[in-house]
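What follows is a short report on a single structure.
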Amino acid sequence: MIRPHGGTLIDCTVTAAARAEVERLADEAPRLPVDRFTAMDALNIAIGAYSPLRGFMAEADYLSVIRQSALAAGSTWTVPVLLHVPAGMATKLRPDGRLTLVDSEAQPFALVQVESVFEVAKREYAKLVFGTADQSHPGVDRLTSLPSTCVGGALTLLREPELENRQYFIRPSETRKLFAEREWKSVAAFHTRNVPDRAHEYLQKLALESADGLFVHPIVGWKKAGDFSQRAQFETYEALFEHYYPRDRVLLGGFYCQVRYAGPREAVFHAIVRQNFGCSHIIIGRDHAGVGRFYGVYDAHRAFDAVSDLEIVPLRFAGPFYCRRCGGIVTDRTCPHGGDDVSEISGTLVRKHVVNREAVPEYLLRPEVFDVLERLATEEAFVR
Ligand SMILES: [Zn+2]
């Protein structure tokens, strides 16, 4: 099976033998309440989804990542994974001290060994990571709202933070075991923040023609208002799998993580994470992880050209559309037609139909998927 990025699957969950001591240290350390985004990052570090990271980034890694798209030790890494702390908190911390992360119920869930306290220049961060400092970019907007002081250091997870639809939470160690049990030698990962339309289905089945298995791993953390809800994502995929996929060749799990909207850089990050989950391939579609018109439609494909130390293979697929003349879903690599013969397939179009409760053409969405969205009703299908 494919090796984790950096060679070792990281596990920072507390061991039974160390629990009493770590809990005592967590009781004594200053407490930092964190939002769900940060809690999800802590969880992903702990379960090895972000291997080789063992904690939130120290300054050397942060600067190397934004400027060179690599960790200070050299492995490719493209997006910052930071623990932002209020300036007042930073003055209480010693470089060799500890910090306890607490969730929204004030329950401690992780202990950070403080190795680095530093300031982030937000403009440089935004320009290098998002390619823009434009405030209308949702990633830039979120960055602006965060404190500029950060703490880096190894973490130990004491317990899992609260997760919605917990039954879909799956660890890299578990997917690796499942893939082995199912004798999947090659596994294609599909990352999405949408419900499945026919273009997604086309790409997934294209990958399944050569891969042994398909791992659909929708990102289900924080998203901008108007995006599809977590429940809508899981329930539509269950309906799609039930009616249109061989059940023994697909797996559905939630990637509990915030959407960063970092386009090409985030595409590479998504690939690293899926390699850690044991996938040999990842589907990279049109404008992967993009938002608005901030990135070129195939920038995410090109982002992999500069990467040489990833073992996972990006499947750079063109954006499918529906062609009446060809009588099916096609791409501009397989169909010569245009104009009135072809119809776009996009999440934006699907959303519009669902919001307006209009009948959706079958070339856009499977009726069983639309039924789920209708049943959930507009207010539950979308993030508000
Ligand atoms: Zn055609």
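For ligands, and for the atoms within them, numbers begin at 1 and follow the listed sequence.
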* Structure fact -> Listed as residue and atom, the protein N/O/S atoms under 2.8 Å from the Zn ion (ligand 1) are Cys323 SG, Cys326 SG, Cys335 SG, His337 ND1
* Min side-chain heavy-atom separation Leu71-Met57 under 4.5 Å -> yes
* **Residue pairs fulfilling side chain to side chain donor-acceptor pair (under 3.5 Å) with at least one residue in residues 72-82, sequence neighbours excluded** => Thr76-Asp309
* Begin with the C-alpha distance, continue with both residues' side-chain angles, and end with the deciding distance and a verdict on side-chain hydrogen bond (donor to acceptor under 3.5 Å, both in side chains) for Ser64 and Asp61. => CA-CA 5 Å; Ser64 175; Asp61 277 332; 5.7 Å; no
* To do: Please find out if less than 6.0 Å separates the ring center of Tyr256 from that of Tyr168.
  => no
* Answer yes or no for Arg366 and Tyr244: cation-pi contact, defined as NZ/CZ to six-membered ring centre under 6.0 Å and angle to ring axis within 45°. => yes
* Please step through side-chain contact (heavy atoms from CB on, under 4.5 Å) for the pair Arg351 and Asn194, ending with a clear verdict. => CA-CA 9 Å; Arg351 245 188 300 268; Asn194 276 311; 3.5 Å; yes
